[in-house]
Amino acid sequence: MTKVKEQTIFHHVGNRFQTEDREIHIVARLEEPLVVVLENVLSDEECDELIRLSKDNMHRSKIGDVREVNDIRTSSGMFFDEEHDILKPIEKRVASIMNIPVEHAEGLQILNYTPGQEYKAHYDYFQAASKASKNNRISTLVMYLNDVDQGGETLFPELGFYVSPKKGMAVYFEYFYTDQRLNEQTLHAGAPVIAGEKWVATQWMRKQKVR
Ligand SMILES: O=C(O)CCC(=O)C(=O)O
Ligand SMILES: [Fe+2]
């Protein structure tokens, strides 16, 4: 039986590709399910600014100290729902990396992990029974906003694949395959941070427009 590779959303080929304002480098690629490690996604300044803005925001809305009640995700986080100048070019770039119109993008999510904190194995898509699955997520870009001293990898247990966080880099994956087994293989986790802290910005794309 010959196995035919399913079509993917991500369409970039080669070692590098150009977005409107930045050249993105493809560092590593797993073919199916597609997992792509990308470099030069965000500048150092953008990473620093995203962290600064979200620290501000967490402080202002006094949710900075709130920890998730369930223990699936022990990090603290926030969504960008306000307009910030820095977000526009990033949103545009991310949409072009993910090959999905920006109208399908959820608000950028910022997560902060301190030592011991983690995001246990999960799928980013919603289960078929849930209301949210009517306009389900189809792809994810996790962008690393800082270097982590030890731990904090994004890991795909079904694939035996670990991505170490590095400032400005990102990992992309998608789960809109006809073969549900491929979608399930995108199970992933944020491994516990052992030393230092970890900041990520996650972009989830929906099947249909959200804005
Ligand atoms: O922190 C990570 O490495 C993974 C984050 C993640 O899975 C998510 O934001 O959905
Ligand atoms: Fe996730």
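Order of listing sets the numbers, starting from 1, for every ligand and every atom in it.
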Taking the minimum heavy-atom distance to atom 7 (O) of ligand 1, which of Glu118, Arg73, His188, Arg137 ranks first? His188
Mark yes or no for whether Ser139, through its side chain, and Glu174, through its backbone, hold a donor-acceptor pair below 3.5 Å. no
Below 4.0 angstrom from a heavy atom of Asp124, which ligand 1 atoms are there? Numbered from 1 as shown, please. 10 (O)
Provide the number and element of each atom of ligand 1 under 4.0 Å from a heavy atom of Trp204. 8 (C), 9 (O), 10 (O)
Please find the pair of heavy atoms, one from Lys166 and one from Asp147, that lie closest to each other, and give the distance. CA-OD1, 3.5 Å
What heavy-atom pair brings Glu23 and Asn40 nearest, and what distance separates the two atoms? O-ND2, 2.7 Å
With heavy atoms of Thr154 as the reference, note each atom of ligand 1 found under 4.0 Å away. 2 (C), 3 (O)
Pair Gln117, Thr114: side-chain N/O donor-acceptor within cut-off below 3.5 Å: yes
Need the ligand 1 atom indices (1-based, order shown) with element for anything under 4.0 Å from a heavy-atom of Gln109. 9 (O)
Who's the nearest protein heavy-atom neighbour of atom 9 (O) of ligand 1, and how far? Thr202 OG1, 2.8 Å
Closest to atom 5 (C) of ligand 1 among protein heavy atoms sits Tyr113 OH, 3.8 Å
Do you know which N/O/S atom name in Asp124 is closest to the Fe ion (ligand 2)? OD1
Of all protein heavy atoms, the one nearest atom 2 (C) of ligand 1 is Lys198 NZ, 3.1 Å
Charged N to carboxylate O below 4.0 Å: is that the case for Glu49 and Arg52? yes
Geometric cation-pi criterion Arg137 and Tyr125, 6.0 Å radius, 45° cone: no
Return yes when atom CD of Gln180 has more than 12 non-hydrogen atoms of other residues, nucleotides or ligands closer than 6.0 Å, and no otherwise. yes
